[in-house]
Each structure stands twice: as structure tokens, then as C-alpha cells.
Amino acid sequence: MNASTAASRTSTGRAAPGGAGPGAARPGADGPGTDRPGADRPGADGPGGMTPAQRKVGLAVCLATMLLAVLDQNIVSAVTVPIVRELDPLHGVDRIPWLISAFSLAATAALPLYGKLCDSVGAKRVFLGAVATFLLGSALCGAAQDMDQLIAFRAVQGLGGGGLMSVTMVVIAQLRGPGEGRASKGAGVGGLVAGGGMALGPVVGGLLAEHADWRWIFYVNLPVGVVVLVTSALVLKLPRHGGRRRIDFLGAALAAAFSTTLLLVTEWGGRDHSWGSPVILGLACGAVALLALFLWRQATAAEPLLPLSMFRISTLRTAFAVQGLVGVALMGSMVYVMIYLQLARGIEPTSAGLFMIPVALGMAVSGLVTGRLGARGWSERSSVLSGTACAAVATLLLSTNGTDTSLWAVRAELLLLGAGFGQTLGQLIVLVQQAAPRHQLGVATTGVRFFQTLGSSLGAALFGTVLARVYADRGPGGSTSAIPALRGEAHTRALDAFSSSISVVFLCSTGVLVLALLLALRIRKLKEEGPGEVPGEGPGEGPGAEAAGLGKERAGETAARDAAAGDAAAGDAAAEEAAARETAARETAAANAAARNTTVGG
């Protein structure tokens, strides 16, 4: 055995000195007091002793809560008219943007804190708290008496909803039983449910608004949420943490302030205020300053909210960047397809919402196919690459649409778009969870959601600016909002200009997805982890090896020196033994020769 082999075997825990075998504690991999899934007691069938049936129930609970959160984030846009008509018929229209964005602002601001709480006090407690907060916000929204109350209660609901959309992915990762090397089944279905809920939210909202009171879009959450809360409290038995870590509340406040300020820039810029106005410039400068303070805090805090060491892992930093770019393209595609259908094709909002069904169908089909392929060895990296490529082709096809394009062709393009995003969103989360150190699973999972949300907000602002600028150059004058009021030749010219302008938006989305595809090519294929290994950590290589940090490198160097010394000692002993055998052979040969000479002489 040479020195490099000894060091490799020591670093992977397969033949470590002192009898350390698979599952032994390793610096930088499993944090102190962190139990592995399925390792709570000997003979456990699954995490915390959960049976396979209990784990299936737990997975169903996670998917139900995620669907609730994503539906509720997108459902309000379809019922804004009846809400305004009842609560504030005079000035309610001006408050609609706040009604829609209050949920996403609160959810995004809370994401980094949720991740740290999962790693500190355990995912089950955080999950139950998020569900309870979401149900409280839903009940308050249903009982709101004016727009101010509804906006405030939507923020409360968003605080819980942010946990439901991210903590559930942590729970799904921890529901894996021993020996289940692939996490793609649960997380892939989670990404599928999230995408499907986003596409179907406006449709469900329109149906409830048409056949029931608008308050039921909030009240319907209560019975389902109570069942989820009780079932998860009784069934979920997740890994327990032996000791609590300190929470960086200052870092959480800075992260919340930065994300809120950045989202306000994207919400107000170009719509409520011009991009060069003092309000937008002041908010932009404030966002940059808050980001600098947040990074400084993460570099100096004893227990940082978003450890900068994670960005040393190539798979994590690449996946975060890809997820952010996918968020940009996703928002640009979904939002501006709806605008194209309503303005360029004259389709009513409720009917335009039905065009999201092909997107949901594409996500469903791609999710099922990806799961089957994964069982046959198709890697998550391959799914991300093929999904990003499909989405890029779909947006390129959307850019060719005009005012007379067949609506069935548009549906086919949206089906392909859904197939692309259905592969990409869930599998990126899987890659992050496999590459992250076990004790940072919560932070990594919520981090990838955080980057996607910020990317979506930036995408909406970026593409909105592109559309306005191009239309101003090509149109008959005025903004796109004036198109429905135009008549005759001016209306025809405006529709042609708008159609060509929105084609530029889809081309920009294609460019973003091509960039995401090029970045995704840099993701290395992760090795399957065996029992007792840290996810993503192969035999001395891969993202898990990067995550081990300097301590592990130094331990490897020490082990290599010890192994080299041992090999040298063994080599010296072997040389001495060989020399002794050679000497004995020479003595024997000399004795035999002497005997022969004596015989001849006699």
C-alpha cells in the first residue's frame, strides 16, 4: 500500500486508523450533535425509526403543504377584481401590487432564517411552526375587512409560506431510509408539485372566484392545513440534534432587509417610479450597502446564517447560479406569455390562465419520466442539462410567435417549456442537497430557493424594462397599457410592434437559459453515497471532499505522512529480510561447493 492510497482510504472513512469505518465522525462533514437519518437507534427502519409506510405518509404531507403554499402565492392574482370591489372600490386598484407582492416579500425575507433554524433545532419543529403560521395568516386573510388588513395578513401568511416551500425539501431529504442513495424521487416530485402549483394557481383562483366567495381561497387552506399539522406532528420522526447552535439574528435581519429592498426596486422600478428617480436610486444604493453588510457579517459571525464556506464547493456555487438564472427565465416566460395572450391575441384573463395547463402537464410528464430514468442510472446533472436545453428551445420558439400564430402551436410550445422547467427545478435541489455537508442541509436547501426567488424578481424587472424600451422605439407612441384603447390602423400597428417587442423578451429569456446551460455543464456528476457516507462525498473526490475544508486536508496530510512512514518502515524490514535470505543462500551454496570439492579430491 502506497502513501496516496492510505490517505485516500483514511479520508473516506473506509479504513481509517483506529478502527474508524463507514459512518465514523469526520471533521467538516457531520456537525457536532447531528444524527444521520436512520441512525437514531439500532435496527431503525428509517429516520427516527419510521416505517416505510410512515415515510410515505410523511412525503405526502410535505407535498400537500408545498402545494398549498405555491397555490396560495399565485392564486390571488385571479381574484383581485372581486377583492377590490368589496374591500376598497375607490382606491383598491392602486393597492393590488402590494396585495400580490406582500406574500413573496415576506416569504423571501424569511428563507435564510428558516434554513439556519432547520440545522439548529431540527426540521420537524421548524416545519410545524411554518404550517401553524401559514394557517394563522390564512384565517386572518379570510376575515380581513379592508385592504390594509388583507395586505398585512398576506405578509403573515407569506412568513409561513416561505417555510412551507423550502423546509419541506429539507424534510423530504431526511425522510430517506438507510441505503437509499438517490434523493431524486422525493425532491423531484417536490419540484414538480411546486411548478404545477405555480401554473395552476390562477386557474384555481378563477374557478373559486366564479363559483364561490373570494374569501374561500384562504379558508380552503384551513381544513387541509389542520390535517397536515396533526399528521406531521404524529408521524414525522426526523433526526434529532444533540445541541443547539446560536442563531445569527443580526445576519437574518440584514438578509431580510437586503432582499426586501431589492424586491422593492424590481416592483417599483419602471412602473411606479422611473429607473432614474431618487426613490429607485436610493433603494438600489441601500440594497448594495445592505448586501455588503450582510457579507461582512457572514464572514465574521461565529455561526453565520449563510456560511460563505459553502461557496467553496463548486457544485453548490454553480447550482445556486443556475437556479438564479432559471428563476429569471421562468418569471420572464410565464408572466409575458400571459401578457402576449391577453394583449396580442385578445384573450380574456380567465381563458388565458387555461394556457398554463400545458405547462403543468409538461412538468408532470417530465417529472414522471425523470423519476423512471433516475431509477435506471440517469443522473441529476443530465436532467438539469436536458431540462435547461428544452426550456431554451421553447422560449426560442415563443420568440417566433406573431399576432396570427396558431394557438395550438402556442400550447405545444408551453408544453415543451413545462417539460424543461419540470426537469430542472427539482433536480437542482437534489444536486444541492447531495453536495452540501449534512449539518448544512437546511441552509443549502433554503439557499437555492432564495436565489431562485431573487432571480424571478430580477427577471420580471429586467424583461419589463426590455419590453417598454423596445415598444417605445417600434410602437405608435404611448405605453403598452394604451393598446386596448387604440382603434383602426393605430391598433394594428401597435399590435405588430408589441408582438415584435415581446419576441425580444423571449429571445432574452433564451439567452439567459443558454448561459444557465453553459454553467450547468460545469457541474460534476456526483457519486452515489453509500451507508454512512456524507451525501455527495466520493472516495477522496467530488463536492463532498471540497466541503470537508482545511481540517480534513490537514488530517489527510498527516495520514499520508504516517502512511509513508509506515510504508518506509515496512520497506526497510522487507529489505533486511531479503538480504538475510540472500546471505543464507550464498552460505548454503558455498557449503555445497565445498562438499563437492572434498568428494572429488577424495
Any non-hydrogen side-chain atom of [X] less than 4.5 Å from a side-chain atom of [Y]?
{"X": "V131", "Y": "S232", "value": "no"}
{"X": "F463", "Y": "I339", "value": "no"}
{"X": "T446", "Y": "C118", "value": "no"}
{"X": "F506", "Y": "V337", "value": "yes"}
{"X": "L254", "Y": "L305", "value": "no"}
{"X": "L407", "Y": "R345", "value": "yes"}
{"X": "D146", "Y": "L150", "value": "no"}
{"X": "V384", "Y": "Q423", "value": "no"}

With a 4.0 Å cut-off, would you call K116 and D248 a salt bridge?
no
Give the minimum heavy-atom separation between [X] and [Y], together with the two atoms involved.
{"X": "A516", "Y": "V322", "value": "O-CG2, 3.8 Å"}
{"X": "L441", "Y": "T445", "value": "O-OG1, 2.8 Å"}
{"X": "K124", "Y": "L236", "value": "NZ-O, 2.8 Å"}
{"X": "Q452", "Y": "L330", "value": "NE2-CD2, 4.1 Å"}
{"X": "L128", "Y": "A233", "value": "CD2-N, 4.0 Å"}
{"X": "V443", "Y": "P307", "value": "CG1-CD, 3.7 Å"}

For Q427 and T370, run side chain to side chain contact (heavy atoms under 4.5 Å, CB included): C-alpha distance rounded to whole Å, both residues' side-chain angles, the deciding distance at 0.1 Å, then the answer.
CA-CA 9 Å; Q427 299 307 310; T370 299; 3.6 Å; yes
Checking the side chain of [X] only, and the main-chain atoms of [Y] only, is there a donor and an acceptor separated by less than 3.5 Å?
{"X": "S277", "Y": "S274", "result": "yes"}
{"X": "Y471", "Y": "F498", "result": "no"}
{"X": "Q298", "Y": "L306", "result": "yes"}
{"X": "Q433", "Y": "I172", "result": "no"}

Output the distance between atom [atom1] ([X]) and atom [atom2] ([Y]), rounded to the nearest 0.5 Å.
{"X": "L398", "Y": "I502", "atom1": "CG", "atom2": "CD1", "value": "9.5 Å"}
{"X": "L87", "Y": "Q145", "atom1": "CG", "atom2": "CD", "value": "7.5 Å"}
{"X": "R154", "Y": "M147", "atom1": "CZ", "atom2": "CE", "value": "11.0 Å"}
{"X": "L361", "Y": "S366", "atom1": "CG", "atom2": "OG", "value": "9.5 Å"}
{"X": "M338", "Y": "L341", "atom1": "CE", "atom2": "CG", "value": "6.5 Å"}
{"X": "S259", "Y": "L105", "atom1": "OG", "atom2": "CG", "value": "8.0 Å"}

Under 3.5 Å donor-acceptor pairs involving side-chain atoms of residues 58-68, not counting sequence neighbours:
residue: T65; atom: OG1; partner: V61; partner atom: O; Å: 3.2
residue: T65; atom: OG1; partner: C62; partner atom: O; Å: 2.7

Determine whether L175 and L238 satisfy the following criterion, side chain to side chain contact (heavy atoms under 4.5 Å, CB included), listing intermediate values before the conclusion.
CA-CA 7 Å; L175 282 175; L238 302 179; 4.0 Å; yes
As a quick check of understanding, evaluate side chain to side chain contact (heavy atoms under 4.5 Å, CB included) for V359 and F421, giving each step before the final call.
CA-CA 9 Å; V359 178; F421 286 133; 5.9 Å; no
Report the relative orientation of the aromatic rings in F134 and F103; use parallel for angles under 30°, tilted for 30 to 60°, perpendicular for over 60°.
perpendicular
Which one of L111, L454, V432, T108 satisfies the side-chain contact (heavy atoms from CB on, under 4.5 Å) criterion with R449?
L111
Set out, in order, the CA-CA distance, both residues' side-chain angles and the distance that settles side chain to side chain contact (heavy atoms under 4.5 Å, CB included) for S333 and L417, then state yes or no.
CA-CA 9 Å; S333 303; L417 185 70; 3.8 Å; yes
Pair F451-F320, ring-ring contact (aromatic ring centres under 6.0 Å, His included): steps then yes or no
CA-CA 6 Å; F451 281 100; F320 286 158; 5.0 Å; yes
Listed once per pair and sorted, the side-chain hydrogen bond (donor to acceptor under 3.5 Å, both in side chains) pairs that draw on residues 128-140, sequence neighbours left out:
S138-Q157, S138-N221
